Amino acid sequence: MSKPLNVLFLSSEVDPFAKTGGLADVSSALPQAIKELGHEIRIMMPRYRFISERRYKLHDIIRLKEIPVPVGKITEQGNVKSSFISNLKEKVQVYFLDNANYFGRDGIYQSPVGRKDYKDNDERFIFFCRGVLETLRRLGWQPDIIHCNDWQTGLVPAYLKTVFNQDSFLKPIKTVFTIHNMAYQGAFPADTFQKSGLPKDLFRVDGAEAYGKFNFLKTGLFFADSITTVSRRYAEEIATSEEFGAGLTGLLAKRKKDLHGILNGIDYNVWNPASDDLIYRKYDAKSLDAKLDNKRALVTKFNLAFNETTPVIGAISRLVDQKGFDIVLEALDELLKLNVQFILLGDGDKATEKQFDAMQKKYPQHMGVFFGFDKELAHLIEAGSDMFIMPSKYEPCGLNQMYSMRYGTVPIVRATGGLDDTVEDYVGSGKGTGFKFEKYDPKELLKAVQRALKVFQQPEEWKKIMRNGMSKDFSWEHSAKQYVNLYKELLK
Ligand code: ADP
């Protein structure tokens, strides 16, 4: 093997320490997969207060105490703690950048009560981006690559190319920026720009500004040496259509030769029905009957009657506009008349929760809901459902459809982004892994469900679809290799 690379992976969420969505899963699994390929990769994330020192055996790195980090006119202090992710043979070291003022809180981006973004998110992530580089200089470990993820890390490439471009330690480092979702950009009022300490003239359209605001995502996309996103189709969508590019299509189109679509994988150490401790009964493609025990456990949990031939449709999601639950609500009356049971685990928009709650009260024998974030229940829903719906308006990659296929739970998805790249539409004769629809429309969703229900009534044919999905290789290894190749290209 050629020389192992040193990579620093930056993320604001890493499972199991902090998670609001798929970013956390990726930020945990991808570094492990890259480490398994023989490279030295370490993670750095903020140390939110709720990350338990005892549970994760965090320890101080004395050498990295009281790192001065300028934020506007003040200088904040950072401390670094360390722990490991160790699901695999290889442990991955995680550094936590600590500052009680910015991260000593109960939420990641917003207060858990009231769900309002923290007002100082600009400062919090200016501190993080700048603090990461100040830490590196003192750590004495020089990465070849810094792999940034989403807007919270967007200023790192800009600091490297400007403030630190004469620093002999930091200067050689190349950056990769991965977009997990274009809709979250970290756009702040123009007057916050001065807090970043970036050169004044960078606040321009060819730089850190977008539509009059200081835009962290744009800054990352502008200055990173290479850009990736999490599926091929989404890479195409964001560089060609304003609807997907959320105002930054022009920039992405310009950088198209540096923009790569690399599909996320799934972590089989966490999501595998044959070894999943969070489900009622383990199973694999040869023991599909055991999946039925999970179905029984699931419906019973929601006080629904168990019936082998009544299909259970599951959904697990953040309840936000992107995920398409408005068309689910529009279709729901019709859908629940089809002799199905629908189980939703959702977290997010309160008005949407209320509407689903009302529907559950209207159809108590056909519907179960749980609002909140519940990892264990997420696993049971994957294992116990027959079908899984993801009608997203857009979907950069989407993980739950892949988890579903792994669990023999047939996905019904809208053909967009990673959903389109990972699910093969059923075409008859036992071919396909799920059911897709094109148009964002409740009637189209219903039609796709009806198509699925028809096949569900033919158990042998249905089992073929289940097994097709279960046998797909969504492991991280393949994607990890693509990232490593990209790193190597940059270092040539
Ligand atoms: P996104 O990152 O846009 O939320 P993904 O499908 O990529 O969507 O990843 C979602 C991840 O978050 C999955 O691991 C899923 O199981 C988990 N998840 C989403 N909502 C919930 C919830 N309410 N409770 C538990 N896990 C959830």
Side-chain angles (χ1 to χ4, degrees), residues 11-30 87 108-109 112 115 149-152 178-184 229-231 233-234 244 246 262-273 276 278-279 298 301 314-325 328 343-350 352-353 356-357 368-385 388-407 409 411-414 416-423 434 474 476 479:
S11 178
S12 56
E13 302 181 22
V14 182
D15 191 56
F17 309 108
K19 169 167 172 172
T20 70
L23 172 63
D25 297 22
V26 174
S27 302
S28 176
L30 174 59
N87 293 349
I108 299 180
Y109 314 119
R115 304 271 177 142
N149 293 277
D150 277 356
W151 74 262
Q152 294 85 355
T178 298
I179 306 162
H180 297 264
N181 195 328
M182 283 301 293
Y184 301 92
T229 190
V230 290
S231 69
R233 168 119 191 221
Y234 193 61
F244 294 96
I262 302 179
L263 195 67
N264 284 337
I266 66 180
D267 187 342
Y268 288 136
N269 290 296
V270 182
W271 294 97
N272 182 358
D276 188 338
L278 299 178
I279 63 179
L298 176 65
K301 205 177 175 90
I316 304 164
S317 190
R318 292 183 297 121
L319 297 177
V320 291
D321 188 50
Q322 167 201 346
K323 299 293 180 180
F325 284 87
V328 176
I343 290 176
L344 167 69
L345 166 60
D347 189 34
D349 181 54
K350 294 293 155 207
T352 311
E353 289 185 7
F356 276 108
D357 207 35
V369 290
F370 183 86
F371 302 116
F373 200 88
D374 188 330
K375 267 193 205 179
E376 194 168 331
L377 182 57
H379 283 249
L380 185 62
I381 292 178
E382 287 294 4
S385 305
F388 191 93
I389 45 169
M390 278 180 91
S392 307
K393 249 180 213 161
Y394 67 90
E395 193 58 74
C397 177
L399 295 171
N400 276 313
Q401 82 281 10
M402 291 192 271
Y403 300 156
S404 297
M405 285 184 263
R406 185 62 174 183
Y407 282 69
T409 299
I412 301 171
V413 304
R414 178 150 179 270
T416 182
L419 297 174
D420 196 37
D421 283 358
T422 53
V423 177
F474 291 120
W476 267 106
S479 310

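As the structure is a computational prediction, the values presented were derived from the model and not from experiment. Just so you know, ligand 1 is whichever comes first in the structure, and atom 1 is the first atom listed for that ligand.
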Identity and separation of the nearest protein heavy atom to [atom]:
atom	value
atom 10 (C) of ligand 1	Gly22 N, 3.7 Å
atom 12 (O) of ligand 1	Lys19 CE, 3.6 Å
atom 20 (N) of ligand 1	Ser317 C, 3.4 Å
atom 1 (P) of ligand 1	Lys323 NZ, 3.5 Å
atom 23 (N) of ligand 1	Gly372 O, 2.9 Å
atom 24 (N) of ligand 1	Asp374 N, 3.0 Å
atom 27 (C) of ligand 1	Phe373 CE1, 3.4 Å
atom 15 (C) of ligand 1	Asn400 ND2, 3.3 Å

Which atom names give the shortest non-hydrogen contact between [X] and [Y], and what distance separates them?
X	Y	result
Tyr234	Thr229	CD2-OG1, 3.3 Å
Tyr394	Asn181	OH-OD1, 3.1 Å
Gln401	Thr422	NE2-OG1, 3.1 Å
Phe325	Thr352	CB-CG2, 4.4 Å

Would you call Arg115 and Asp347 a salt bridge, taking side-chain N to carboxylate O under 4.0 Å as the test?
-> yes
May I ask you to say whether Asp15 pairs ionically with Lys375, meaning some side-chain N is under 4.0 Å from a carboxylate O?
-> yes
Should the proximity of Gln401 to ligand 1, defined as any heavy atom under 4.0 Å, be assigned to the side chain, the backbone, both, or neither?
-> neither
Under 4.0 Å from ligand 1, counting heavy atoms only, is it the side chain of Leu399, its backbone, both or neither?
-> both
Numbering as shown, the atoms of ligand 1 that approach Asp347 to under 4.0 Å (heavy-atom distance) | 23 (N)
Which atoms of ligand 1 are found less than 4.0 Å from any heavy atom of Tyr403?
-> 13 (C), 14 (O)
Crowding at NZ, Lys393 (>12 non-hydrogen neighbours, <6.0 Å) | yes
For Arg318, is at least one N or O under 3.5 Å away from an N or O on ligand 1?
-> yes
Taking N or O atoms only and a 3.5 Å limit, does Asp25 qualify as a polar contact for ligand 1?
-> yes
Hits for ring-ring contact (aromatic ring centres under 6.0 Å, His included) against Trp271, two or more places apart or cross-chain, chain-then-number order -> His379, Tyr403
Before giving the answer on side chain to side chain donor-acceptor pair (under 3.5 Å), spell out for Tyr109 and Glu13 the whole-Å C-alpha distance, their side-chain angles and the decisive distance to 0.1 Å.
-> CA-CA 10 Å; Tyr109 314 119; Glu13 302 181 22; 2.8 Å; yes
